[in-house]
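Below is one structure; the comments refer to it alone.
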Amino acid sequence: MLNYFPQRDQHRLPPHRIPYRANLWALRSLGVRQVLSPCAVGGLRPELGPGTFVVPDQLVDRTTGRPQSFYDDGAVHVPFADPYCPAGRRAVLSQAAAADLTAVDGGTMVVIEGPRFSTRAESRWFAAQGWSLVNMTGHPEAALARELALCFTSIALVTDLDAGVDVGDTVTQEEVYRIFGENTERMRDLVLRTVTALELDRHCPCPNALDGIRLPFELP
């Protein structure tokens, strides 16, 4: 789980400086093959208000300058049409239902560079594209996981309505922290339930993401 809930004394790295490649490589080296990634997001639709859980099924990359591949040499083109593990998504949704937690099934998460929040114009543009959530850390995390043939599932907690949706005050870091704090136990419970529900034998497409591709080095 790479995007832990930030506490005031722990939220040290801005999103563009998180060592995404090192984190994913370390997990695979340790034998991890399935990753759950809880994250904070802004809602781009009025019905996705603070405290809502969403299990996205698509993402859009609007970041710039982040290393987003392990394969700097050689032509390695991994399939990424469906960025999240279908088995992981099913597990999260089933465990949310079992815990009587409402979790929205599906939605597109647009990942921005940050660390600033969106302008109202940007937020309205994102929403006009039909996207549901805005986030700062979901990419290149998901793409790197795919390059290592890992299962990757995002569990998004809406902490605010983004600036273009809410006509009131702008998004603030203080408000984001407050909503996180109020929902930490709910997220922790959902993650732990999902971990116990995941099957050790993977029957999803993720383990075969690198089939037929010649890699420039051997994976751990």
Side-chain angles (χ1 to χ4, degrees), residues 1-6 11 14-16 18 20 36-66 68 80-86 88-90 92-93 96-97 101-143 145-146 152-184 186-187 190-191:
M1 298 174 289
L2 305 183
N3 296 333
Y4 59 88
F5 278 12
H11 195 39
H16 61 286
I18 294 173
Y20 297 101
L36 300 177
S37 182
C39 61
V41 299
L44 293 171
R45 290 162 33 193
E47 65 270 24
L48 299 179
T52 303
F53 285 108
V54 183
V55 186
D57 60 349
Q58 282 293 320
L59 71 78
V60 172
D61 173 26
R62 294 285 299 169
T63 64
T64 59
R66 301 182 185 188
Q68 53 181 295
F80 200 54
D82 299 299
Y84 302 111
C85 175
R89 293 188 66 258
R90 286 194 300 269
V92 174
L93 291 166
L101 292 173
T102 300
V104 177
D105 181 2
T108 297
M109 183 166 70
V110 55
V111 185
I112 63 175
E113 181 67 10
R116 68 170 178 83
F117 294 121
S118 304
T119 67
R120 294 190 194 277
E122 289 169 334
S123 179
R124 290 169 184 146
W125 180 65
F126 298 155
Q129 308 312 303
W131 305 335
S132 305
L133 310 167
V134 58
N135 166 264
M136 298 181 189
T137 57
H139 186 86
E141 197 176 55
R146 181 61 52 83
F152 186 89
T153 306
S154 181
I155 309 174
L157 170 67
V158 179
T159 57
D160 56 89
L161 285 175
D162 210 47
V165 181
D166 188 353
V167 297
D169 294 334
T170 186
V171 180
T172 67
Q173 181 169 295
E174 189 69 22
E175 181 68 5
V176 169
Y177 280 167
R178 184 181 69 80
I179 297 298
F180 253 128
E182 293 175 357
N183 290 277
T184 298
R186 294 172 68 225
M187 177 65 90
L190 178 55
V191 168

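We number each residue from 1, following the sequence as shown.
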For this session: Begin with the C-alpha distance, continue with both residues' side-chain angles, and end with the deciding distance and a verdict on side chain to side chain contact (heavy atoms under 4.5 Å, CB included) for Gln68 and His139.
Result: CA-CA 8 Å; Gln68 53 181 295; His139 186 86; 2.9 Å; yes
Rounded to the nearest 0.5 Å, what separates atom [atom1] in [X] from atom [atom2] in [Y]?
| X | Y | atom1 | atom2 | answer |
| --- | --- | --- | --- | --- |
| Arg178 | Asn183 | CZ | CG | 9.5 Å |
| Glu182 | Leu157 | CD | CG | 10.0 Å |
| Phe53 | Ile155 | CZ | CD1 | 8.0 Å |
| Arg124 | Ser118 | CZ | OG | 12.0 Å |
| Trp125 | Leu44 | CH2 | CG | 11.5 Å |

For this session: Apply side-chain hydrogen bond (donor to acceptor under 3.5 Å, both in side chains) to Arg45 and Ser132, showing your working.
Result: CA-CA 6 Å; Arg45 290 162 33 193; Ser132 305; 3.0 Å; yes
Problem set entry | Residue pair Thr108, Leu59: steps toward the side chain to side chain contact (heavy atoms under 4.5 Å, CB included) verdict | CA-CA 5 Å; Thr108 297; Leu59 71 78; 5.7 Å; no
Tell me if a side-chain donor or acceptor on [X] pairs with a main-chain N or O of [Y] at a distance below 3.5 Å.
| X | Y | answer |
| --- | --- | --- |
| Asn135 | Val111 | no |
| Arg186 | Leu101 | no |
| Glu113 | Pro15 | no |

For this session: Give the intermediate values and the outcome of side chain to side chain contact (heavy atoms under 4.5 Å, CB included) for residues Val54 and Val41.
Result: CA-CA 9 Å; Val54 183; Val41 299; 5.8 Å; no
For this session: Please report the C-alpha distance between Thr137 and Tyr20 in whole Å, then the side-chain angles of each, then the deciding distance to 0.1 Å, and finally whether the side chain to side chain contact (heavy atoms under 4.5 Å, CB included) criterion is met.
Result: CA-CA 9 Å; Thr137 57; Tyr20 297 101; 3.8 Å; yes
Problem set entry | Qualifying residue, where the test is side chain to side chain donor-acceptor pair (under 3.5 Å) with Arg89 and the options are Asp105, Asp82, Thr153 | Asp105
Exercise. With the threshold set at 4.0 Å, does a side-chain nitrogen-carboxylate oxygen contact exist between Glu122 and Arg116?
Worked result: yes
